[in-house]
Amino acid sequence: MHELRFEIEGSEAAQSLAPGSTVGELAERALGAERARPVIGARVGDRVFGLQEPLRESGTVRFIMAGTDEALPIMRHSASHIMATAVKRLFPEARLAIGPSIDDGFYYDFDLPRTLSPEDLATIEKEMATIVKEDRPFEREEMASAQALDFFRERGESYKTDLIERIGEPSVSLYRNGEFVDLCRGPHVPSAGRVGQFRLLHTAGAYWEGDSRNRMLQRIYGTAWRTREEVDAYLKRLEEARQRDHRRLGAQLDLFSVQEEVGGGLIFWHPKGAMLRHIIEGFWKEEHLKRGYQLVYTPHIARAELWHKTGHMDFYRENMYLLEIDQQDYVLKPMNCPGHILIYKAKRRSYRELPIRFAELGTVYRYEKSGVLHGMMRVRGFTQDDAHIFCTPEQIVDEVVECVRFGRYLAESFGFDNLQVDLSVRDPKNTTKYAGTDEEWRVAEAALAEALERVGLSYHVAEGEAVFYGPKIDVKLMDALGRPWQCTTVQFDFNVPRRLDVNYIGPDGKEHPTVMVHRALLGSLERFVGTLIEHHAGDFPLWIAPVQAVVLTVTDDNVPYARRVIERLKEAGVRAELDDRGEKIGAKIRDAELAKIPYMLVVGRREAEAEKVAVRSRRLGDEGAIPLAEAVDKIVAEAKARR
RNA sequence: GCCCAAGUAGCUCAGUCGGUAGAGCACAUGCAUGGUAAGCAUGAGGUCACCGGUUCAAUCCCGGUCUUGGGCUCCA
């Protein structure tokens, strides 16, 4: 048998080893026993191996050293095994499901005879510390699947036997640490003492295989890092994220509320939140008109017949609010597309008119299960910044390119420059569950990919993530806790235009099917504003701040002058408020800081006499007194620059 | 919808091992006119989520319901 050959990154000498040698052996050979000690695993090609794993193919090797970022997922995965070991010691009847590493930590799902309390977490954590101290090695073992099935069946681990059957390989790997054995692909740290520092966070319910028809398991979440300091820093980050949670800031800054007696998922926009929305909507409309969109409005309810035609009554019924009026069924609209199509179809359309771009800030209602509602991010009534572009097949790519550019421009205007872009395409293995022909899908998917290339955005192809009626581009923004929320979506729809018979008259005088691109750039105003609140931690850029400046009087004597200052600001289009309460200046400043108002203009006797204001900005603090006219110009200029 | 946890003043929270409750902030009134992150005093404000049960007595114990939060699934 041939020896395997390994190029080692950062080293001249290549190594030859017999097939089946482990990464650990390779490390010792390449680096010597001493320098190999901090090695935790290795990356060979695009796969990560643990030290215990045998190598079967030649390749270029990069060793993963303890203390590097690459070592973290391995440590976290081992931490989940150690947690499972502890749970098994405390609850021998526990059955194991799965326990992977995730961003920032790990979890493990258990089927337990009783529910876990927060005190149990402390006990489990203590037991984990003991296991770490025992510092026993993680040993890897390969077993024929048939034998592994017997092994786990004997132990009553029914989830593991399910997994082995689902994997369907002739053999599987097991990892052993002390008395604990688990079906596992690895990799793991060499021994339990090397998992680093961890902390169990909370428990949650989770269905086996994520399917609500299956049994509910108990999931324990934990976080794991290299050092105690990193764990503390992570916990602090969680706390900071909690502080900028849009629900908390929404109440603090008096932006919006959800009222129990009205129901969950329905947003009340308070004056300041409404101002924020008003500014966003104004900007949005202007930008759309600049780009050749036409604004439309469509009714909130429509006879159910329409929704039968579109297929929604069949495919979307459980998400729709149905009404009965005069013994006729009506639907509260869950989408704007049919309305826009009806406007399109109100007359014959010529190819000369295309593309037609209808845009609407359309409020829709969708029934969502109560458990998924979340502040403004996931609601039952929301306003989409919706548009439908009707065009010919030749125009698709240009239109999509413009949509993507436009979406990026809007996101950047509001201060988002880190976008996560997905191209969601059909599942190539199961093309039957999609509407439309193969040719349509090929053209549409290629058009979306080409558009992304042309715009120069890097993206991730998500196979099988397309909706049944067409492929789509999704752009996600992250919330305070790093959860992604879809905002921009650009999608093709093969279904509704065909069902509603949408067409145009071509140069040949014949009818041709019109292609429809559906897009929302901000997504929904609710979700977008929620994300915006968290992104800026409520500290909005001047141009969208609901209150841009507050005038603070030092004493009651300054009120008449302060009123004149306010007038001047308002004339210049600055959103300004007057704080003439009988409080000391320090208290007024504190309140304005807490309200996150960008500019505080302090007026006392000195300013009134010289027609000045003392500017204090949230960013820079006390900037000293300048002439009133100059201050107004400064604020206006900054707002105009959208900084 | 499902699993777990939590619901006490407008907000943030304490408390009662069963004898109908308290702080800070906010609010109101009065005093104070204070120059860059909290001036002082007084006052008002509660069906302790809701419905049952146990008990001489329930905010507290038990059961159910509703709501909220963390997850699972789904989506803008």
Side-chain angles (χ1 to χ4, degrees), chain A residues 107 109 112 114-118 120 201-221 242 245 247-248 251-252 254 257-261 263-264 316 318-319 334-336 362 364 366-386 465 467 472 474-477 481 483 485-489 491 518-528 530-531 552-559 582-594 600-607 614-618 621-625:
Chain A
Y107 68 80
D109 288 344
L112 286 167
R114 71 167 174 86
T115 56
L116 294 169
S117 66
D120 290 323
L201 297 175
H202 55 265
T203 59
Y207 299 106
W208 170 238
E209 295 185 315
D211 189 328
S212 58
R213 285 168 303 192
N214 287 337
R215 192 174 160 81
M216 175 71 71
L217 306 172
Q218 293 189 68
R219 175 172 297 179
I220 304 177
Y221 280 96
R242 217 173 65 82
D245 188 308
R247 291 165 301 183
R248 186 188 178 89
Q252 240 166 55
D254 198 15
S257 62
V258 179
Q259 309 271 341
E260 232 179 71
E261 66 174 319
Y316 208 68
E318 56 187 28
N319 286 296
M335 294 186 188
N336 300 303
V364 297
R366 298 180 189 172
Y367 171 76
E368 300 278 0
K369 290 172 185 168
S370 61
V372 305
L373 300 178
H374 179 82
M376 292 182 118
M377 302 298 203
R378 192 73 188 277
V379 292
R380 285 177 173 160
F382 55 101
T383 300
Q384 290 184 305
D385 70 314
D386 215 352
E465 290 299 304
V467 265
K472 58 179 181 169
D474 288 330
V475 181
K476 297 185 174 82
L477 304 177
L481 289 168
R483 289 171 292 211
W485 294 100
Q486 184 175 311
C487 288
T488 299
T489 181
Q491 43 196 60
H518 167 118
R519 48 111 286 193
L521 300 180
L522 307 178
S524 82
L525 285 162
E526 285 75 8
R527 178 176 293 178
F528 185 75
T531 317
L552 310 178
T553 52
V554 176
T555 74
D556 290 348
D557 298 337
N558 315 123
V559 173
E583 290 290 344
K584 295 172 83 157
I585 191 67
K588 294 185 190 181
I589 285 169
R590 181 183 147 82
D591 289 343
E593 288 284 352
L594 291 177
M600 283 155 261
L601 305 177
V602 177
V603 299
R605 188 178 50 81
R606 295 200 294 273
E607 287 76 18
V615 177
R616 181 191 167 103
S617 76
R618 251 180 84 66
D622 191 352
E623 296 182 37

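Since the structure is predicted, the reported quantities are computational estimates derived from the model, not experimental observations. We name chains A, B, ... by the order of the sequence lines, and we start the count at 1 in each one.
The salt bridge (charged side-chain N to carboxylate O under 4.0 Å, His left out) search around A:Arg616 returns A:Glu593, not counting sequence neighbours. Residues passing the side chain to side chain donor-acceptor pair (under 3.5 Å) test with A:Tyr221 are A:Arg219, sequence neighbours excluded. Considering only residues two or more places apart in sequence or on other chains, A:Lys476 meets the side chain to side chain donor-acceptor pair (under 3.5 Å) condition with A:Asp422. With sequence neighbours excluded, the residues that form a side-chain contact (heavy atoms from CB on, under 4.5 Å) with A:Thr553 are A:Asn558, A:Val559, A:Ala562, A:Leu578, A:Asp580, A:Lys588, A:Val603. Remark: A:Glu209 pairs with A:Arg166 by the salt bridge (charged side-chain N to carboxylate O under 4.0 Å, His left out) rule, at least two apart or across chains. Shown here are the side chain to side chain donor-acceptor pair (under 3.5 Å) partners of A:Arg215, two or more places apart in sequence or in another chain: A:Asp111. Scanning for salt bridge (charged side-chain N to carboxylate O under 4.0 Å, His left out) contacts around A:Arg248 gives an empty result, with sequence neighbours left out. Residues passing the salt bridge (charged side-chain N to carboxylate O under 4.0 Å, His left out) test with A:Glu607, sequence neighbours excluded: none. With sequence neighbours excluded, the residues that form a side chain to side chain donor-acceptor pair (under 3.5 Å) with A:Glu368 are A:Arg378.
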At a cut-off of 3.5 Å, list every protein nitrogen or oxygen paired with a nitrogen or oxygen from nucleotides 44-47 of chain B, distance to 0.1 Å.
none

Pairs: protein N or O with nucleotides 72-75 of chain B N or O, under 3.5 Å:
unit_1	atom_1	unit_2	atom_2	d
B:C72	O4'	A:Gly205	O	3.4
B:C72	O2'	A:Tyr207	N	3.4
B:C74	O2	A:Arg378	NH1	2.6
B:C74	O2	A:Arg378	NH2	2.0
B:C74	N3	A:Arg378	NH1	2.7
B:C75	O2	A:Arg527	NH2	3.1

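Dashed line: the shortest gap from a side-chain N or O of A:Arg590 to OP1 or OP2 of B:U36 is not under 4.0 Å. When the side-chain nitrogen and oxygen atoms of A:His374 are compared with OP1 and OP2 of B:G70, one or more of them lie within a distance under 4.0 Å.
Closest to the side chain of A:Ala204, from the set B:A37, B:G35, B:G71, is B:G71.
Stem analysis of RNA chain B (Watson-Crick or G-U pairs, both distances under 3.5 Å, runs of at least three) returns B:1-7 with B:66-72, B:10-13 with B:22-25, B:27-31 with B:39-43, B:49-53 with B:61-65.
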